[in-house]
Amino acid sequence: MAVKFLSLACIRNESRHGDLSPRPHYPSMPKYPKGLSSDQEKNMEGSEAIALFSVIGMTCSACAGSVEKAVKRLPGIIEAAVDVLNNRAQVTFYSTFVNEETIRETIEDVGFQATLIKEEMNEKATQVCRICIKGMTCTSCSTTVESALQVIPGVQKAQVALATEEAEVHYDPKIVSYNQFLQTIEDTGFEGILISTGEDRSKIQLKIDGVRTDNSMRMIENSLQALPGVQNIDLDIGLQKFSLSYKPDLTGPRNFIRVIESTGSGRYKAVIFPEGGGRDVHRQEEIKQYYRSFLWSLVFTIPVFLTSMVLMYIPGIKHGLDTKVVNMLTIGELLRWILSTPVQFIIGRRFYTGSYKALRHGSANMDVLIALGTNAAYFYSVYSVLRAASSPTFKATDFFETSSMLISFILLGKYLEVLAKGKTSEAIAKLMDLAPGTATLLTLDDEGNVINEEEIDSRLIQKNDIIKIIPGAKVASDGFVIWGQSYVNESMITGESRPVAKRKGDTVIGGTVNDNGVLHIKATRVGSESALSQIVRLVESAQMAKAPVQKFADRISKFFVPLVIFLSFSTWLAWFLSGKLNGYPKSWIPSSMDSFQLALQFGISVMVIACPCALGLATPTAVMVGTGVGASQGILIKGGQALESAHKVNCIVFDKTGTLTIGKPVVVNTRLLKNMVLRDFYELAAAAEANSEHPLAKAIVEYAKKFREDGENLVWPEARDFDSITGHGVKAVVRNKEIIVGNKSLMLDQKITIPVDAEEILAETEGLAQTGILVAMDGEVVGVLAISDPLKPSAHEVISILKSMNVESIMVTGDNWGTANSIAKEVGIDTVIAEAKPEHKAKKVKELQASGCTVAMVGDGINDSPALVAADVGMAIGAGTDIAIEAADIVLMKSNLEDVITAIDLSRKTFSRIRLNYIWALGYNLLGIPIAAGALFPSTGFRLPPWIAGAAMAASSVSVVCCSLLLKYYRRPKKLDTLEIGGITVE
């Protein structure tokens with residue numbers, strides 16, 4: 001299954017991006033910069049690269065827009081995507097025109113701190129792909145495969161080992177895809193199973209204690225480089241840190257620590273650097289900074305507020321505050337000036353630096369509005385106070401409380417916003433927390449007896465280690481059971497609530513919980529290869545991806561701030577001129593103000609109430625929470641694009657085998673048309689089918705084993721000239737007989753006459769919703785097999801619920817019409833396409849799309865690749881822990897059909913939340929700005945002070961994030977709970 005899912009990934013890439021390479025391609029962009037000669041374009045082949053940067057200091061979508069704008073101005077930039085939530089920027093560029101350092105410097109010129117994330121983006125031009133090859137019997141076979149692989153463009157070296165039945169291919173991923181290797185192996189007559197692509201090498205970071213000189217670090221580096229299996233070492237002398245890439249088959253972290261600690265007479269100590277902690281550390285530090293700034297602002301703002309709003313109404317204190325210092329300057333005004341100055345220029349410094357950096361590059365963000373608003377209030381107050389100090393008659397009116405309270409409330413809002421944004425990515429933190437901190441490592445003697453137990457850090461587990469799992473403990477690594485039996489709770493990974501029985505030979509997943517028995521497991525996938533790591537990477541990737549609806553907010557943010565500044569100035573001017581020209585009664589002006597001051601308050605209120613941040617946060621926060629919730633329920637959604645497409649789905653195309661049915665077909669009846677021993681009949685049929693991976697072929701081979709007496713030592717007769725006809729069956733020569741096993745179409749194509757008896761048996765079989773398989777020997781049909789693949793118990797109810805959701809269900813299968821119609825009738829599907837080859841399934845999907853349907857294809861990924869690619873949303877069902885999680889738009893990790901409904905319902909709930917966020921964010925600005933401008937003042941006398949407007953602005957961002965966070969309480973449709981109560985949900 002792994003290979004087929006990965007094939008899907010590559011086919012999807014080819015279909016949507018125009019080539020087979022795994023790099024992104026943007027159809028709207030020219031392939032190369034304009035003005036190049038053909039020779040220059042030729043030299044640029046393969047120069048496309050991707051760089052990922054950590055960008056610290058961004059606060060809103062306007063910040064992200066300024067970074068994106070600056071980077072795109074550079075020559076050779078193909079695309080730039082900035083994620084303000086995760087403080088990251090991903091840039092696709094031509095390395096012949098620009099490099100990572102130039103991009104990093106450009107980001108820093110905009111005013112943000114940028115760091116290249118080498119650990120995630122440092123990919124070598126050459127990757128190594130390993131493939132297990134089934135069916136090789138001699139050196140001639142391995143030579144044939146090796147020669148076929150070697151001639152593929154982009155392959156630098158190919159080696160095929162007959163003893164290990166493996167191929168190792170060194171290739172350039174920009175030119176060729178591993179999917180082509182699998183196809184080539186299949187074309188030469190063998191089966192290829194992908195082991196690894198070389199894209200995700202095992203990596204680890206080690207911090208060294210006790211190092212005093214650079215020479216010591218170099219000495220340790222040389223010692224590590226000498227270890228077999230070490231591929232690359234990055235040295236950070238300042239942090240005394242090593243980043244190592246290695247082959248887990250040959251070495252591992254314990255070997256590195258052992259070498260380091262044995263170097264230099266044992267005075268060096270090595271510890272594992274926390275993985276992925278950088279982002280969390282930054283988030284926590286940002287939270288602390290806002291919290292500290294808010295507390296310090298309160299220290300100064302509360303006295304300012306008290307002296308201007310409260311103490312002025314207490315007679316004794318009022319007299320003291322009104323005491324003159326110089327001319328008309330009072331003690332109260334002087335105190336407010338002194339106390340508000342640190343808030344304005346020290347605590348509020350971040351707004352000045354942020355606005356300067358934005359304006360310097362021709363853009364405007366939230367900081368610009370805050371700086372303008374607070375400066376207007378502060379410097380007018382300074383002017384008023386200085387004029388009072390120099391005049392014996394001028395009575396000052398200051399707005400020091402406006403600027404200081406405004407900054408305090410904005411800092412409070414930012415603190416709450418960062419706190420809430422941190423919670424949107426809790427899904428990843430929870431997934432990472434599933435891995436246990438320690439593991440019990442066993443040492444075995446040659447006879448398999450345990451001679452030592454040692455508790456180690458689980459990150460030190462190496463491939464092929466033997467790990468002991470006690471009852472109640474978490475499984476420390478992916479692997480398989482070599483001793484013991486128990487039940488394992490896999491709900492935290494797959495979402496499946498029922499414990500799964502495990503015994504010798506069964507696979508286990510790291511992070512799951514052992515229930516009752518003791519297990520000894522052999523580690524097979526560690527570090528970045530583990531299922532948990534793959535799921536974490538997928539969820540991280542999904543949360544980084546922008547949904548198309550986000551473009552709406554991006555367009556608005558480009559002109560939002562300039563428009564607000566214009567509206568603010570217009571508001572001030574309108575009220576000021578109206579006051580000067582007696583456009584409104586003098587009674588409207590509060591006793592403590594004049595017309596200029598009233599106009600200034602209205603202008604400042606408009607400037608600080610407008611909030612572009614809420615618009616920018618509306619989509620990404622909901623997508624982050626939605627994908628996280630999906631992952632916790634065993635539904636892996638690949639980003640905003642998949643979510644947006646899924647919520648529009650109104651037609652679902654189901655595959656039959658393994659999707660609507662359980663996917664484990666069994667032979668239920670055998671009818672021989674010629675006199676022959678049943679054992680001989682199955683001996684020949686199984687020999688022909690043994691080389692096929694089709695579920696029906698496996699069912700025939702499994703049933704044939706019942707007629708053998710040699711137990712597990714099964715060797716079928718040699719099948720020569722084997723040929724697999726996709727969607728029809730197989731043919732081979734066994735014991736000098738031409739054996740053909742397949743459906744009716746295959747027999748007709750081979751010019752084999754089907755007897756009337758066989759026709760009747762086929763009709764009877766199909767009427768029972770079973771699949772009829774014909775077996776022909778030397779051009780004559782000799783038997784008919786009836787194979788049954790039971791329906792999943794919940795299939796009928798799921799189709800019924802989809803109908804109630806106005807989603808049409810269609811079944812497309814390669815099986816015969818009789819069986820297909822019987823199955824469809826049983827589950828309640830009206831539209832059926834049978835005897836369909838893979839390309840016919842894709843054609844049907846495209847026809848539905850042409851008719852205006854938004855189509856989801858649900859399949860097990862084995863024969864459904866073209867259709868899954870063609871569909872608006874490809875859903876892979878039953879992928880489990882396989883590396884296939886990288887392939888589809890949505891991966892349903894359990895085999896439950898109910899999760900199709902959950903995925904669609906979750907996407908609909910997420911997008912209703914996004915719409916609600918947009919309604920709130922737009923509605924807030926559309927209502928708040930007119931009120932702040934004084935629209936209600938003439939009729940009601942209601943005026944919105946600037947500090948309250950600032951508090952409302954801060955609250956709007958927090959409310960949008962909190963609205964998205966409510967998705968964390970998502971519950972799947974109640975109709976699905978009744979299926980479980982009825983006891984019909986299958987594992």
Side-chain angles (χ1 to χ4, degrees), residues 1-14 17 19-23 25 45-50 121-203 228-232 245-251 463 524-529 534 691 693 861 865 882-887:
M1 186 179 286
V3 173
K4 300 298 182 181
F5 269 100
L6 285 164
S7 300
L8 166 60
C10 297
I11 293 171
R12 181 182 300 280
N13 195 39
E14 180 184 8
H17 303 312
D19 64 13
L20 283 170
S21 64
R23 68 186 188 274
H25 180 67
E45 289 287 352
S47 70
E48 195 174 312
I50 300 174
M121 300 308 298
N122 243 6
E123 294 183 358
K124 284 190 174 181
T126 302
Q127 292 179 358
V128 181
C129 174
R130 290 179 58 227
I131 302 171
C132 175
I133 302 174
K134 285 188 175 181
M136 293 192 300
T137 56
C138 63
T139 308
S140 175
C141 300
S142 60
T143 305
T144 302
V145 176
E146 189 172 299
S147 301
L149 291 170
Q150 193 70 61
V151 297
I152 298 175
V155 172
Q156 296 161 1
K157 184 174 70 171
Q159 293 177 315
V160 179
L162 179 64
T164 59
E165 294 188 336
E166 285 185 9
E168 185 176 88
V169 186
H170 295 248
Y171 69 106
D172 186 344
K174 296 172 184 174
I175 299 174
V176 67
S177 162
Y178 49 74
N179 184 57
Q180 289 176 258
F181 307 151
L182 299 170
Q183 186 62 51
T184 300
I185 291 169
E186 189 174 333
D187 290 343
T188 56
F190 303 98
E191 182 190 2
I193 300 174
L194 191 66
I195 300 173
S196 67
T197 64
E199 292 175 358
D200 297 309
R201 296 175 297 174
S202 294
K203 299 174 184 175
V230 173
Q231 294 176 305
N232 188 44
S245 300
Y246 61 95
K247 293 181 179 180
D249 290 342
L250 300 177
T251 189
K463 198 168 183 178
T524 55
R525 297 196 295 185
V526 297
S528 61
E529 293 182 348
Q534 292 181 50
N691 292 316
E693 285 296 310
S865 301
D882 203 286
I883 198 170
I885 58 176
E886 299 290 348

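Computed from a prediction, not measured in an experiment: that's the story for all the values here.
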Listed by chain and number, what are the side chain to side chain donor-acceptor pair (under 3.5 Å) partners of Q150, not counting sequence neighbours?
-> none
Nearest heavy-atom neighbours spanning Q156 and D172 | NE2-CB, 4.2 Å
Rounded distance [0.5 Å steps], CG in L149 versus OG1 in T184 | 6.0 Å
For T251, enumerate each residue passing the side chain to side chain donor-acceptor pair (under 3.5 Å) test, keeping only those at least two apart in sequence or located in another chain.
-> N255
Atom pair CD (Q180) and OH (Y171), whose distance is rounded to the nearest 0.5 Å | 10.5 Å
